[in-house]
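Structure record follows, encoded as structure tokens.
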Amino acid sequence: MAAPKNPPPKSSLMDILWDIQKKRRYIAPDDMTKIASEFHISRTELEGIVSFYHFYHRSHAGNFTIYLNNGIISKQRNYDVVKKTFEKELGISVGETTDDKLFGLFETSCIGLSDQETSALINFQAFTDLTPIKVKNIIGQLRKGANPESLSTFPKNNIQYTPAKDKTIFFKPYTPGSSLKKLRKISPDQLIDIVKKSKLSGRGGAFFPTGMKWEFCKNNIADQKYIICNADEGEPGTFKDRVLMNKHPGLMLEGMAAAAYAVGATYGYIYLRAEYFYLRDKIQEEIQHFRTKGFLGKNILGITGFDFDIHIHMGAGAYVCGEETALISSMEGKRGEPSTKEYFPVEKGLYGKPTIINNVETLCAVPRILNMSLKSYLKIGTEATKGTKLLSVSGDCKKPGIYEIEWGMKLKQFLKLIEAENPYMILFNGYAGECLSAADFDREISGENLLAEQVQFKWEDPIEYARKMSAIGLRSGGSFMVFNDKRDLMPIFKNISDFFVSESCGICAPCRTGNFLLTKKLKKIMLCHAEKSDLEDLEKWSTIIKQSSRCGLGKTSTNCLLSAMLKFPQEFNKCILAKSDFNKSFDIKNVTLEYDTIINEIEKVHG
């Protein structure tokens with residue numbers, strides 16, 4: 001009797017699911033039975049994994065699978081007419097597949113193309129600046145046998161601004177391997193000391209000190225350590241990492257290698273969001289180039305014991321996987337659910353081993369610091385936040401795109417730089433961020449905080465609020481969406497709330513149920529059915545969700561709503577019943593539709 005075959009490593013599960021999804025256009029029941037048996041897991045567990053990720057389908061998704069971005073910036077561009085054109089040309093509604101299985105049409109959240117809306121993915125090739133005419137042409141060409149890749153509009157970098165030459169860090173000429181050669185002259189401890197002194201912190205939005213994280217990981221003794229680059233850039237309105245990986249993928253690889261040298265890791269992974277599939281080949285080519293040049297592999301650049309290699313792990317569409325414990329769960333072939341932090345990843349991360357997880361921008365900064373010297377780097381930025389920051393700009397401005405600015409720039413100066421058009425509200429740091437009003441325009445984009453954190457500000461006097469808040473900097477993860485004074489803000493808040501309902505992993509009640517109830521309450525307010533008590537409920541429920549959710553997704557899911565209620569009370573108050581005699585839910589066409597149908601049928605019968 002043959003010995004039972006050992007199951008493949010569970011980390012390969014998502015790759016196998018992707019192979020089947022691409023080949024068959026869905027993951028069939030028989031496929032799941034075979035995979036479950038192969039991996040020695042239950043069919044129920046596997047179905048839980050497949051159903052968790054947006055881009056795995058359990059029914060045919062069409063030979064050409066179309067994902068139309070339904071983010072708020074897209075909806076304020078050509079979304080409605082583009083959606084209608086897709087539906088008309090294909091003869092199906094969103095969420096359906098054509099009878100011949102040639103096309104499938106689906107909606108998805110922000111795909112990292114907010115500066116080029118309205119956008120879509122077709123078989124994970126990007127299509128930007130869509131119009132009805134473009135849609136008709138694309139569908140016509142696909143029907144004739146064209147390949148989506150040949151028709152796609154590869155996203156532009158749209159780098160709109162960099163500071164003075166001596167202060168530009170990210171978007172200046174780059175020579176692959178140049179920073180790694182400097183590691184020959186410094187020890188791992190010296191490298192960590194340089195990173196600590198640079199005050200570099202997590203640029204994904206958490207802003208945890210990078211050098212301290214590396215030091216913690218180095219001090220944890222283990223037979224294996226890992227470096228993970230978090231390229232799951234899922235925060236709506238953010239696309240800076242996309243541009244960095246397209247412009248200088250080698251910077252990211254060098255940053256990962258430097259981290260490995262510092263902590264003693266030998267394996268690295270890039271967790272790349274599925275929406276960036278079109279970048280995978282370019283990054284893979286750069287990895288191979290690094291191996292050829294001796295920048296990856298054994299004894300890198302002749303440094304004995306410096307062994308490190310990198311692999312790409314593809315996500316499958318789950319915003320919560322941007323959270324580090326959820327990302328680790330996903331890489332281990334599980335549902336991407338956040339775990340309670342009994343241990344930090346630097347203690348027990350991937351496969352229970354010490355693990356460094358850093359954002360793309362964070363890792364790209366390290367080679368630049370090594371090349372330009374710590375002394376030169378420390379001359380740029382503010383006292384608390386050194387260097388430059390990348391901002392992804394979209395919305396009501398004349399120059400959407402990527403901006404590399406020196407920390408410390410005033411918000412009002414930045415609005416002028418991007419040529420904002422009558423800015424009324426700024427959605428700062430994406431859907432998990434906060435809403436800024438004119439009262440914030442004198443603040444600077446930095447990590448400065450010249451007042452004690454326990455000082456609380458009241459909104460009764462916006463002028464006094466603005467005066468005090470001008471001393472507190474705005475620390476940005478990278479998303480900057482502008483909305484002018486002609487925009488109705490309520491649909492924006494509803495779009496944000498819908499997003500978190502869709503993206504919640506569902507493991508804890510405050511986030512799962514609370515955000516669902518918020519969307520119902522927001523819809524009531526939008527229809528002008530609300531009373532003052534509804535606004536009180538909105539604030540109370542939002543606070544409960546923020547304080548009692550299990551992970552960062554739930555804890556930040558109501559940030560925008562709470563800050564909007566504080567700074568834009570008029571937008572909510574105008575929807576209260578006592579202040580409106582207009583019922584937005586009353587639609588005369590719907591009310592009379594059945595009547596008109598009956599009358600038309602009677603007239604046909606009686607001639």
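What's counted below: heavy atoms across the whole structure, side chains too, no hydrogens, waters or symmetry copies. If you read the sequence from its start, that first residue is 1, and numbering goes on from there.
Here the side chain of Ser563 pairs a donor or acceptor atom with the backbone of Asn559 at under 3.5 angstrom. A donor-acceptor pair under 3.5 Å links the side-chain atoms of Gln190 to the main chain of Ser187, judged by distance alone. Within the 3.5 Å criterion, the main-chain N or O of Ile472 finds a donor-acceptor partner in the side chain of Arg443. Side chain of Ser178 to main chain of Thr175: a donor-acceptor pair is present (N/O by atom type, distance under 3.5 Å, no hydrogens or angles). Side-chain N or O atoms of Glu347 include none that pairs as donor or acceptor with a backbone N or O of Asn220 at under 3.5 Å. Under the 3.5 Å distance criterion, the side-chain polar atoms of Thr362 are left unmatched by any main-chain donor or acceptor of Asn358. Looking at Asp307, its side chain does come within 3.5 Å of a backbone N or O of Asn299 through a donor-acceptor pair. Between the Thr118 side chain and the Ser74 main chain, a donor and an acceptor come within less than 3.5 Å of each other. Side chain of Thr153 to backbone of Thr128: a donor-acceptor contact under 3.5 angstrom is found. In terms of modelled atom types and a separation under 3.5 Å, the side chain of Asp232 and the main chain of Gly322 share a donor-acceptor contact.
Between Phe277 and Trp18, the ring center distance clears the sub-6.0 Å criterion. Between Phe480 and Phe414, the distance separating the two ring centers is shorter than 6.0 angstrom.
Side-chain contact annotation: Thr388 with Glu404, donor-acceptor N/O pair under 3.5 Å present. Side-chain contact, Asn359 with Asn230: no donor N or O sits under 3.5 Å from an acceptor N or O. In this model, no donor atom of one side chain and acceptor atom of the other lie less than 3.5 Å apart for Ser339 and Glu337. Defined by atom type and a distance below 3.5 Å, a donor-acceptor pair is present between the side-chain atoms of Asn69 and Glu117. For Thr238 and Glu233, the side-chain atoms include no donor-acceptor pair closer than 3.5 Å. Side-chain atoms of Lys282 and Asn246 form a donor-acceptor pair, as typed in the model, at a separation below 3.5 Å.
Using a 4.5 Å cut-off on side-chain heavy atoms (C-beta onward), Lys389 and Arg203 make contact. Side chains of Lys240 and Leu391 form no contact here, defined as non-hydrogen atoms less than 4.5 Å apart. Met14 is listed as a side-chain neighbour of Ser330, based on a closest heavy-atom distance under 4.5 Å.
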Which atom pairs, one a donor and one an acceptor, fall under 3.5 Å between side chains of residues 310-318 and the rest of the protein, sequence neighbours left out?
none

If you look only at distance, which donor and acceptor atoms sit under 3.5 Å apart when one is on a side chain in residues 262-269 and the other is two or more places apart or in another chain?
from: Thr266; atom 1: OG1; to: Gln224; atom 2: OE1; distance (Å): 3.4
from: Thr266; atom 1: OG1; to: Gln224; atom 2: NE2; distance (Å): 2.8

Which atom pairs, one a donor and one an acceptor, fall under 3.5 Å between side chains of residues 249-258 and the rest of the protein, sequence neighbours left out?
from: Glu254; atom 1: OE1; to: Ser179; atom 2: N; distance (Å): 3.2
from: Glu254; atom 1: OE1; to: Ser179; atom 2: OG; distance (Å): 2.3
from: Glu254; atom 1: OE1; to: Leu180; atom 2: N; distance (Å): 3.4
from: Glu254; atom 1: OE2; to: Tyr174; atom 2: OH; distance (Å): 2.5
from: Glu254; atom 1: OE2; to: Gly177; atom 2: N; distance (Å): 2.6

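Partners of Arg475 according to the side chain to side chain donor-acceptor pair (under 3.5 Å) rule, which considers only residues two or more places apart in sequence or in another chain, do not exist here. With sequence neighbours excluded, no residue forms a ring-ring contact (aromatic ring centres under 6.0 Å, His included) with Phe344. Partners of Phe55 according to the ring-ring contact (aromatic ring centres under 6.0 Å, His included) rule, which considers only residues two or more places apart in sequence or in another chain, are Tyr67, Phe124. Scanning for ring-ring contact (aromatic ring centres under 6.0 Å, His included) contacts around Tyr431 gives Phe499, with sequence neighbours left out. The side chain to side chain donor-acceptor pair (under 3.5 Å) search around Lys225 returns none, not counting sequence neighbours. Here Tyr351 pairs with Tyr226 under the ring-ring contact (aromatic ring centres under 6.0 Å, His included) rule; sequence neighbours left out. Looking at residues two or more places apart in sequence or on another chain, you find a side chain to side chain donor-acceptor pair (under 3.5 Å) between Thr65 and Arg25. Partners of Arg184 under the salt bridge (charged side-chain N to carboxylate O under 4.0 Å, His left out) rule, at least two apart in sequence or in another chain, do not exist in this structure.
Counting only residues at least two apart or in different chains, ring pair (Phe, Tyr, Trp, His ring centres under 6.0 Å) contacts with residues 279-301 comprise Phe290-Phe295.
Pro338 and Glu323 make their closest contact through CB-OE1, 3.6 Å (heavy atoms, listed as atom of the first residue, atom of the second, distance). Heavy atoms only, all atoms of each residue included: Ser476 and Ser479 are closest at OG-N, 4.3 Å.
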Can you check ring pair (Phe, Tyr, Trp, His ring centres under 6.0 Å) on Tyr278 and Phe154, steps first, answer last?
-> CA-CA 8 Å; Tyr278 53 85; Phe154 196 90; 5.5 Å; yes
Given Tyr261 and Phe306, is the ring pair (Phe, Tyr, Trp, His ring centres under 6.0 Å) satisfied, shown in steps?
-> CA-CA 6 Å; Tyr261 178 74; Phe306 182 16; 5.1 Å; yes
